[in-house]
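Just below is one structure, and these are the notes that go with it.
Every number for a ligand or one of its atoms is a count from 1 in the order of the listing.
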Amino acid sequence: MTLNLQRTDLIRAGHLIDGRWCGEATFDVTNPADGSRVGRVPDGTPADATAAVAAAHAAFVQWRARPAKERAALVESWHDAVMAHQDDLGRLISREQGKPLAEGRGEVAYAASYIHWFAGQAVRSNGEVIPSPVSGKRLLALREPVGVVAVVTPWNFPAAMNARKIAPALAAGCTVVAKPAEDTPLTALALAFLAEEAGLPPGVLNVVTASRANTPGVVGAWLADDRVRKVSFTGSTPVGVHLARESAGTLKKLSLELGGNAPFIVFDDADLDAAVEGMMQAKFRNGGQTCVCPNRVYVHAAVHDAYVEKLAARVRALKVGPASDPEAQIGPMINARAADKVERHVQDALAQGARIVVGGHRLDRGANWYAPTVLVDATPQMACACEETFGPVVPVTRFTDEAAVVAEANATPYGLAAYFYTQSPARIWRVAEALDCGIVGINEGALAAEAAPFGGVKHSGYGREGSVHGLDDYQHIKYLCQGGIV
Ligand code: SIN
């Protein structure tokens with residue numbers, strides 16, 4: 001299957017270190033829809049990782065000294081280059097990640113929105129003049145870039161997750177070493193290529209690719225290196241905990257956007273059509289492979305059957321297919337391990353008394369495909385309620401009491417997103433305030449936006465991406481005290 005890119009040079013086959021494309025391409029990047037090869041990239045080593053840090057560290061001196069307006073202009077030129085290649089990048093994302101082409105193109109715009117946002121924030125990164133508590137002194141607080149930032153990103157949004165970490169780092173005056181997910185490194189390399197074309201100086205953004213086996217060596221070299229002052233990671237909670245432990249020795253700043261187990265609650269006064277629409281957006285985007293996907297669905301007994309019937313009709317009508325099919329609305333899982341997990345969750349739920357309304361089986365298209373599924377009679381003991389399924393399964397549980405369902409929604413170590421549907425203004429405040437999480441969707445399924453703070457609490461991590469808070473994690477505050485003022 002050919003990619004048909006306008007710019008075939010967007011497919012890179014090397015690390016980007018200090019403005020040079022280097023390394024021998026030895027491992028294949030494959031299309032999860034059919035296993036065909038999309039590209040081949042180098043398998044990075046600790047030596048590559050350290051060379052990237054050396055480049056980023058050297059480049060930091062000049063990059064941080066550039067006026068914010070100049071950094072903003074370069075970041076904005078990167079944005080323009082990304083949007084100018086939206087179609088090519090969308091194709092590349094879809095091919096290496098598996099999402100439908102419309103979603104691939106949409107992800108490019110989503111990624112670009114963060115780049116644009118942080119170009120704007122670069123010039124608004126004001127310090128403070130602090131009223132002095134004593135005479136004769138003047139107190140100020142400056143915002144300064146932390147230094148070299150290690151960016152470690154997942155495969156589910158190969159463009160957006162890189163953009164929303166790299167753009168604020170660059171805007172703040174930091175330099176970057178990035179390690180994209182082994183399943184989807186090509187998009188990150190293409191983004192870096194466009195950043196270079198847009199005029200980013202050598203060494204400011206470096207990308208090292210690595211296989212699953214070599215990733216610990218590359219990231220481990222960064223964790224141990226004192227010149228790396230911050231790590232920004234999106235991925236699983238166990239890996240986030242590992243990164244926190246391993247970076248403790250050099251006291252790096254950390255942003256961790258980790259696993260979720262989002263509840264989705266439909267109260268008896270909800271607009272059921274809106275709640276169905278919200279579920280379709282939140283659950284089936286990217287085949288259910290987002291960390292904010294609803295994972296546990298609670299529907300009030302009074303509207304349970306009507307809601308399930310409406311939802312089932314929509315899920316049954318979803319068109320499953322590869323990115324090459326322009327009508328496809330949902331693609332494969334990223335790999336067979338991911339499909340195995342979905343299958344295990346469904347089998348476990350059935351063994352514990354759940355019933356299938358739609359789907360509930362693998363598809364006859366290859367090892368990575370699983371049918372969009374709706375289950376009813378789910379219980380808190382089931383694996384699909386305790387673990388993040390990361391696939392297209394909606395397990396529905398019936399409830400009757402508001403306080404009990406909120407307690408159940410909070411009964412998880414995770415706290416990223418939560419959703420609820422109700423028309424009661426008082427309940428909106430009660431429930432939104434009682435939910436233990438970083439992001440709440442109220443009568444809405446599409447939550448993320450560059451202007452909004454994205455991040456979790458508890459085992460879902462810490463730090464916020466996007467919004468006016470998004471630069472904070474890439475800066476420290478320096479206090480200046482001037483005395484002798486008479
Ligand atoms: C994620 O799945 O990590 C991010 C989802 C989003 O940006 O909406």
Side-chain angles (χ1 to χ4, degrees), residues 90 93 97-100 102-118 151-168 178-181 183-184 187-188 191 231-240 243 254-262 264 278-295 330-331 333-334 338 341-342 387-392 414-419 437-441 444-467 469-470 473:
I93 292 171
Q97 199 277 337
K99 63 184 67 179
E103 281 196 40
R105 285 203 196 95
E107 186 186 333
V108 177
Y110 181 45
S113 74
Y114 283 97
I115 302 175
H116 175 66
W117 173 264
F118 283 111
V151 162
V152 182
T153 47
W155 47 262
N156 60 345
F157 291 93
M161 296 304 102
N162 280 295
R164 88 177 179 202
K165 296 174 186 315
I166 295 171
K179 210 295 292 173
D183 294 299
T184 57
T187 304
L191 289 179
V231 177
S232 180
F233 170 70
T234 295
S236 75
T237 297
V239 174
L243 297 180
L254 282 174
S255 307
L256 300 174
E257 202 257 273
L258 307 177
N261 185 356
F264 187 106
M279 176 63 74
M280 296 308 292
Q281 288 175 334
K283 181 74 220 187
F284 293 100
R285 171 177 174 231
N286 203 17
Q289 302 172 107
T290 87
C291 55
V292 289
C293 277
N295 204 54
I330 180 163
M333 302 289 88
I334 188 69
K341 183 179 188 190
V342 175
E387 300 169 26
E388 194 177 21
T389 301
F390 233 61
Y414 300 98
L416 186 56
Y419 306 79
C437 59
I439 304 169
V440 183
E444 179 57 57
L447 309 183
E450 73 280 14
F454 191 103
V457 298
K458 304 196 287 184
H459 291 206
S460 293
Y462 42 76
R464 291 294 177 270
E465 299 191 312
S467 84
H469 307 290
D473 280 336

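Under a 4.0 Å criterion applied to the non-hydrogen atoms of Thr290, ligand 1 contributes the atoms 2 (O). With ligand atoms numbered from 1 in the order given, ligand 1 contributes 4 (C), 5 (C), 6 (C), 7 (O), 8 (O) to contacts under 4.0 Å with heavy atoms of Phe454. Against a heavy-atom cut-off of under 4.0 Å, Ala448 is close to the following atoms of ligand 1: 8 (O).
Under the 4.5 Å side-chain criterion, counting only non-hydrogen atoms from C-beta, Glu107 is not in contact with Gln97. Within the 4.5 Å cutoff, no side-chain heavy atoms of Pro392 are placed close to those of Gln289. Side-chain contact between Leu254 and Val231 is present, with heavy atoms from C-beta onward closer than 4.5 Å.
Looking at Glu257 against ligand 1, only its side chain comes within 4.0 Å, counting heavy atoms. Of all the heavy atoms of Cys291, the ones lying under 4.0 Å from any atom of ligand 1 are found in both the backbone and the side chain. Here Arg164 has side-chain heavy atoms under 4.0 Å from ligand 1, and that is the only part of it that gets that close. In Thr234, the part holding a heavy atom less than 4.0 Å from any atom of ligand 1 is the side chain.
A donor atom on one side chain and an acceptor atom on the other are not found under 3.5 Å apart for Ser255 and Lys165. Looking at Asn295 and Asn261, their side chains do bring a donor and an acceptor atom within 3.5 Å of each other.
Salt bridge annotation for Arg164-Glu257: present, with a cationic side-chain nitrogen under 4.0 angstrom from a carboxylate oxygen.
Here the heavy atom of the protein found nearest to atom 5 (C) of ligand 1 is Phe157 CE1, 3.7 Å. Annotation: atom 7 (O) of ligand 1 to nearest protein heavy atom, Tyr110 OH, 2.6 Å.
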Review point. Going through the distances and angles, do Phe390 and Trp155 end up as a ring-ring contact (aromatic ring centres under 6.0 Å, His included)?
Key: CA-CA 12 Å; Phe390 233 61; Trp155 47 262; 5.7 Å; yes
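At least one heavy atom of Arg285 sits less than 4.0 Å from an atom of ligand 1.
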